[in-house]
Amino acid sequence: MSFKDTLKEKIKQNLNRKFIGKILALAAKKPVLYLFTRTLKSVSDKHLNSVSIKSFYKAYSKKSQVAYGSLFLPYEMFYSLGLSPFLPEVLAGFTAGMGIADKTLAAATKNWYSQDLCTFHRSASGAVEMDLFPKPKFIICTNLACDAAQKSFYIYSKKYNIENNFYLIDVPYDYSNKSIDYLSRQIKEVCYDIAKKTGKDLDLNKFKNIIKNSNKFRHWAKKANDIRKDLTAYPPNYNGLNFILPFHGLAGTKDAVILYKNMYKELKKYIGKKENIQHKKILWLHLKPYYSNDIFKLMQEGNCRVAFEEINYVYWPELDPSRPFRSLAKKMLSHYLRGPIDNRIKTIHKMAEEYKIDAAIIFSHWGCRQNNAGARIIKDSLKNRNIPTLVLDGDCVDKNNYSKGQFRTRIQGFIEMLG
Amino acid sequence: MEKIKKYFKRSTDNNNYIGWLCTYTPEELILSAGFTPFRIYGSKDYNRAEGFFPINFCPYLKSSWESILNNDTHLKSIIFTNSCDGMRRLYDTCKKYSSIPVFMLDVPKNQNISSVNYFEFNLNNLIDFLNSLGNKKITNERIKNSIEIINKKREGLIKLNNMYRNSIIDIDTYNSIIKISTLSDPYLFVEELSNYIDSIKNVAKPKKPNILLIGNFINEDRLWKLFSELDLTLSYQDTCSANRYFEGLVENGNKPLGSIAKRYLYKSACMRIANLGNKITEIKENIKKYKIDGIIYISLKFCDNTLYFYPLLKEELKDIGKPSLYLEIEYNNFSEGQVKTRIQAFLEMIYT
Ligand code: SF4
Ligand code: SF4
């Protein structure tokens, strides 16, 4: 059994917060981490695993002040406030990967979370009900992308008795000077309020440095993305959809800079490496299932390769370290999931051009209204550009909604149609 | 509905409509631009709309899209609000596949001074849009007149609500009149409603227990009929098709737009707001005020705002010892037998 599988088994057998903390403390020890990451084939994967374990360990260790955050927040503010971020939605993906989502989802159902809700949130809510997550001091969320986080996160604040430390950063629908003002004021107020509650002054110099780090991360992430425009071969097991935590939750840290710099270097080595077969280039929209599945294997068998994933798109401009709040507001407002779907479509078209895409797949995750209800418009817009699109219905977290046969039929049918 | 329609003939005979869907749309401004605000209720069945949205999509929005596609209401324009993910996508779909001019009004989720100011700014954009439609130019004076008449309409509906709670009118009539109020010329409606209220004499027997109904867009004639056959009074309907629509007046002072912004952000809230704790407080106050014995929570399926709220509410109700019943229904499509049995069992539980 591999190290990872042993960990999984152990956690499954002792499903409680304390034990998870203990396992993470062990896994985060340098020699263990080294031995574990050595088993991974790609450098990017090694870094990903090591920074993820370190970040989870920090949140579980008693020493840090934990703040829950939803996915599309500017995490630079968390680090500037000296908080250890913990991302329940990302962890929900892990519940699927670890094979414990059955339990967390059942706990959510038992506590009246409807089965029609997004399983990222249902699974995370179940984990909170089961007391598997570290206890937060603050809970910050945003409505950027969807309505789910602002609801489930509020319930967490109630569960942990910290309603006064719950914050919703309400991202305006439009991008305008007025909306930048409104949003940057919100970010600023949240930062100062938290600083006050933690009894520390907000260190603006530290904030500046974190913004600088964030820019460095952005620089390398962009370079890694750019190089993928010409890649035909990839490191073994590389999957861009695995890098959600560092891309969002580690923005502003040195870890993110190092990871993306190394990713760039690793991918660069594959430039010019030709594979025997000419692959069709696929643009992947939305997320993927995080339990074990053979979607990507099936695509590979049909000579298709994900050339780029929407979730890795560097959507924001360089940040101005002298104006941290305004910069972070602009970062949030630049997100393609903000406002009308036209924003997302423009971004998709840009990616389709830059990566010379042959076809697109929209993963239609059950319960994700913002994505699924836009699928038809996106598909039609790509059709106008002669890019065929497959809307693949499934669930990112609940493996019970995954039918191997059905996926096979749909993917193979699509690939055949591509010719 | 048929039996009361005759009282409201003149106010519903109109063709200068602007459509709206969510109770965060200020009718005052639509009226100031010389249009009649018209709530979209959607068509009874939907076929064409199915091809645009997934199966697990808000049935109210789907049926609304069907009626927009069929253009059966001849709307001059539609005002959307940034109320939920579904609404955002309906706006996109409408913009892309229909020729009706549309506007998206961004309604903040936080309730504080800066969100009121931001909302006021957005209302100014709505004014620009309404002016661009080329009917009446909106002026401060016109806004003030509109505030006055919409407030009167609200006061009338509150009177009606009292009549219903005292069993002077039945639930079916009550909900039908609220519906009419969202589809008619407010000036004429206010007159007609007052005439109607004056004409009512019969007093029915009050029914117990007092139930608080909480939900989203609950507009089901069959449901009202079913409720009227049971021994209960829906003392307060915390839904966007009843009390959440008409409660709370706009202050008619020197800064009408700011007053509108304030009233809408602080009105009886939908579960879309950030601080769900405020909503819980509001519900608890209503439970006390209306001497509520039990809560029926009805959600149209696939509405995240409403679905996420129940786990929180359930806990809170447990703390204060109030029983609740949870129902999920499709729009215009639910099994009456099943719903009735469940409500009956719930009522029995309250009594024992
Ligand atoms: S999958 Fe969709 S509904 Fe779920 S958290 Fe992500 S954006 Fe929200
Ligand atoms: S019922 Fe729910 S999903 Fe439907 S429009 Fe209202 S808030 Fe949105």
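The structure displayed is predicted, hence computed values, not measured ones. Note: hydrogens, waters and symmetry copies are ignored here, and every other heavy atom, side chains too, is used. Proteins get letters first, then strands, A, B, ... in listed order; numbering begins at 1 in each.
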(request) Check whether more than 12 heavy atoms from other residues, nucleotides or ligands sit under 6.0 Å from atom NZ of A:Lys197, and answer yes or no. (result) yes
(request) Answer with side chain, backbone, both or neither: which region of A:Ala145 has an atom nearer than 4.5 Å to a non-hydrogen atom of chain B? (result) backbone
(message) Tell me which of these, B:Val107, B:Leu276, B:Ile55, has more heavy-atom pairs under 4.5 Å with chain A than the rest.
(response) B:Leu276
(request) Calculate, to the nearest 0.5 Å, the distance between atoms SG and CG belonging to A:Cys141 and A:Leu73 respectively. (result) 7.0 Å
(request) Could you tell me which portion of B:Ile273 (side chain, backbone, both or neither) has an atom closer than 4.5 angstrom to a non-hydrogen atom of chain A? (result) backbone
(request) Under the side-chain contact (heavy atoms from CB on, under 4.5 Å) rule, collect the residues that match up with A:Ala195, sequence neighbours excluded. (result) A:Leu81, A:Leu202
(message) Given heavy-atom pairs under 4.5 angstrom as the criterion, report whether the side chain, backbone, both or neither of B:Phe302 touches chain A.
(response) both
(request) Start with the C-alpha distance between A:Phe166 and A:Phe153, add both sets of side-chain angles, then the distance that settles ring pair (Phe, Tyr, Trp, His ring centres under 6.0 Å), and finish with yes or no. (result) CA-CA 8 Å; A:Phe166 165 87; A:Phe153 280 46; 8.1 Å; no
(message) Would you say that A:Leu287 contacts A:Phe120 through its side chain, given a criterion of any heavy-atom pair below 4.5 Å between the two side chains?
(response) yes
(message) Does any backbone or side-chain atom of B:Leu61 lie under 4.5 Å from a heavy atom of chain A? Answer side chain, backbone, both or neither.
(response) neither
(request) Work out which heavy atom in A:Ala329 is nearest to a heavy atom in A:Leu183; give both atom names and the distance. (result) O-CD2, 3.5 Å
(message) I need the residue from B:Gly51, B:Pro108, B:Pro311 with the largest number of non-hydrogen atom pairs under 4.5 Å to chain A.
(response) B:Pro311
(request) Sequence neighbours left out, what passes ring pair (Phe, Tyr, Trp, His ring centres under 6.0 Å) with A:Phe325? Give chain and number order. (result) A:Phe207
Table up the donor-acceptor pairs between chain A and chain B that sit under 3.5 Å, atom names plus distance.
from, atom 1, to, atom 2, distance (Å)
A:Asp147, N, B:Asp85, OD1, 3.3
A:Asp147, N, B:Asp85, OD2, 3.0
A:Asp147, OD2, B:Asp85, N, 2.7
A:Lys151, NZ, B:Met271, O, 2.4
A:Lys151, NZ, B:Arg272, O, 3.4
A:Lys151, NZ, B:Ile273, O, 3.3
A:Tyr154, OH, B:Asn275, OD1, 3.4
A:Tyr154, OH, B:Gly277, N, 3.0
A:Lys158, NZ, B:Glu316, OE2, 3.1
A:Leu168, O, B:Asn110, ND2, 3.0
A:Asp170, OD2, B:Lys109, N, 2.6
A:Tyr173, N, B:Asp106, OD2, 2.7
A:Gly339, O, B:Arg89, NH2, 3.4
A:Ile341, N, B:Asp92, OD1, 3.1
A:Ile341, N, B:Asp92, OD2, 3.2
A:Arg369, NE, B:Phe302, O, 3.4
A:Arg369, NE, B:Asp304, OD1, 3.2
A:Arg369, NE, B:Asp304, OD2, 3.4
A:Arg369, NH1, B:Asn56, O, 3.0
A:Arg369, NH2, B:Asp304, OD1, 2.7
A:Gln370, O, B:Arg89, NH1, 2.8
A:Arg376, NH1, B:Gly51, O, 3.1
A:Asp380, OD2, B:Tyr97, OH, 2.6

(message) Can you confirm whether more than 12 heavy atoms, excluding those of B:Ile113, are under 6.0 Å from its CD1 atom?
(response) no
(request) For residues 377-401 of chain A, pull every pair meeting ring-ring contact (aromatic ring centres under 6.0 Å, His included), keeping only residues two or more places apart or in separate chains. (result) none
